[in-house]
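First up is the structure itself, then whatever we jot down about it.
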There are 2 protein chains.
Amino acid sequence: MNSPVEALDYVEDCSAPAMGPLGDSRYLCSVEEAARIVGQKWTLQIVNVLMDFGECRFCVLQSALGGVNPSTLSARLKKLEEEGIVAREQLSSMPPHVVYRLTDMGSHLSGVINELTSWSRTWLCAGIAEPTAS
Amino acid sequence: MNSPVEALDYVEDCSAPAMGPLGDSRYLCSVEEAARIVGQKWTLQIVNVLMDFGECRFCVLQSALGGVNPSTLSARLKKLEEEGIVAREQLSSMPPHVVYRLTDMGSHLSGVINELTSWSRTWLCAGIAEPTAS
DNA sequence: ACGAAGCGCTACATTTGTTGTAGCATGGGG
DNA sequence: CCCCATGCTACAACAAATGTAGCGCTTCGT
């Protein structure tokens, strides 16, 4: 990767938390990995919609997300499927539809979504406007 | 554009939350807004580093994040500053340094980071086994 | 005092990602 | 048979991120 040494040098002068014997930037590996997934443009929104709706068809996701372009949505869903967050299911029923839903792994992102929602309500919605008619 | 009507039709059959007369995808505004911020490539990592280190100089952030390119980091920090998540402080002390730190708003993202971390530990680090498609 | 070096960036060309619009294959309905 | 909806894919155009270079400033070594 790079040299996190300088960072750590600095850290010891600052108020860095005591980190494990790993001692390198690995300490943030967990968030880093998750951030790579979550820090993609539509990931969080997709997960959120899937969480609320339970399961979605492609076109429903598209419109629920405000008209994402199908290429992007397709790519993102494919990636999320690879990562085990979303499951794709082909219903061979009468109208042969495709349905996307969250896996266990994906469902467990609810904590993140919830935290994000409450943060948003406190800091984003609260002072600005009245988007939530609750 | 397309027609979000189908989405709502679908929604009412599924477990969608009761949404106002707005009738479109606005119902997820809170997460949507937050996702726009958090769903940027380096935002979460920056917040995480700032949260751990307390305060950081530019170059420290750069190395801690694994060598992000300075243009991107600069742009992201500027944006985060505008949004009120990060505060920039110019220290006029002996070596005139610049320090970045989280504002209250930014600090309150800790819940998100924590959830993300524990999710990551459970599903990314710990069990790289199989994603059980529920 | 002069040059080198570190810091906090900015500039610019290249690469990557996202968007808009079109279109294809499949199946259903008129 | 034609036309439409669904679930995508294709492709050009635009935007964002990257790599590399460099600037202005200041401090340090000599």
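A note on names: the letters A, B, ... follow the listed sequences, proteins ahead of strands, and every chain is numbered from 1. FYI, side chains are in, hydrogens and waters are out, and symmetry mates aren't considered; it's all heavy atoms of this structure.
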Atom pair distance, as rounded to whole Å: CD in B:Glu89 and C1' in C:dC7: 17 Å

Atom NZ of A:Lys78 to atom P of D:dC8: distance rounded to whole Å? 8 Å

Could you state the atom-to-atom distance from CZ of A:Arg88 to P of D:dT6 in whole Å? 16 Å

May I ask you to verify if any side-chain N or O of A:Tyr100 is less than 4.0 angstrom from the OP1 or OP2 atom of D:dT6? no

From CD of B:Gln90 across to C1' of C:dG8 the rounded distance in Å is 9 Å

Who pairs with B:Arg88 by salt bridge (Lys or Arg N to Asp or Glu O under 4.0 Å), at least two apart in sequence or on another chain? none

What distance do A:Lys41 atom NZ and B:Gln40 atom CD have between them, rounded to the nearest 0.5 Å? 7.5 Å

Take the protein atom NE2 of A:His97 and the nucleotide atom P of C:dT26, then report the distance between them rounded to whole Å. 17 Å

Is there a side-chain contact between A:Phe58 and A:Val99, using heavy atoms and a 4.5 Å cut-off? no

Taking N or O atoms only and anything under 3.5 Å, show me the protein contacts with nucleotides 16-20 of chain D, one pair per line.
from: D:dA17; atom 1: OP1; to: B:Arg76; atom 2: NH2; distance (Å): 2.6
from: D:dA17; atom 1: OP2; to: B:Arg76; atom 2: NH2; distance (Å): 3.2
from: D:dT18; atom 1: OP1; to: B:Trp42; atom 2: NE1; distance (Å): 3.4
from: D:dT18; atom 1: OP2; to: B:Trp42; atom 2: NE1; distance (Å): 3.1
from: D:dT18; atom 1: OP2; to: B:Thr72; atom 2: OG1; distance (Å): 3.1
from: D:dT18; atom 1: N1; to: B:Asn69; atom 2: ND2; distance (Å): 3.2
from: D:dG19; atom 1: N7; to: B:Asn69; atom 2: ND2; distance (Å): 2.7

Counting only side-chain N and O atoms of B:Ser74, is one of them less than 4.0 Å from OP1 or OP2 of C:dC9? no

C:dC9 P sits how many Å from B:Leu73 CG, rounded? 9 Å

If I take atom NE2 from residue A:His108 and atom CH2 from residue B:Trp123, how far apart are they, to the nearest 0.5 angstrom? 5.5 Å

Which whole-number value in Å describes the distance from A:Phe58 CZ to D:dT6 C1'? 10 Å

Non-hydrogen atoms of A:Val98 and A:Arg57 that approach each other most closely: O-CG, 3.2 Å

Look at the side-chain N and O atoms of A:Lys79 and state whether any lies under 4.0 Å from the OP1 or OP2 oxygen of C:dG17. no

Within the 4.5 Å heavy-atom criterion, are A:Met51 and A:Ser110 side-chain neighbours or not? yes

Between P on D:dA15 and CZ on B:Arg36, what's the gap in Å once rounded to a whole number? 17 Å

Report, one line per pair, each donor and acceptor closer than 3.5 Å where one atom sits in a side chain of residues 65-87 of chain B; sequence neighbours left out.
from: B:Asn69; atom 1: OD1; to: B:Ser71; atom 2: N; distance (Å): 2.6
from: B:Asn69; atom 1: OD1; to: B:Ser71; atom 2: OG; distance (Å): 3.2
from: B:Asn69; atom 1: OD1; to: B:Thr72; atom 2: N; distance (Å): 3.4

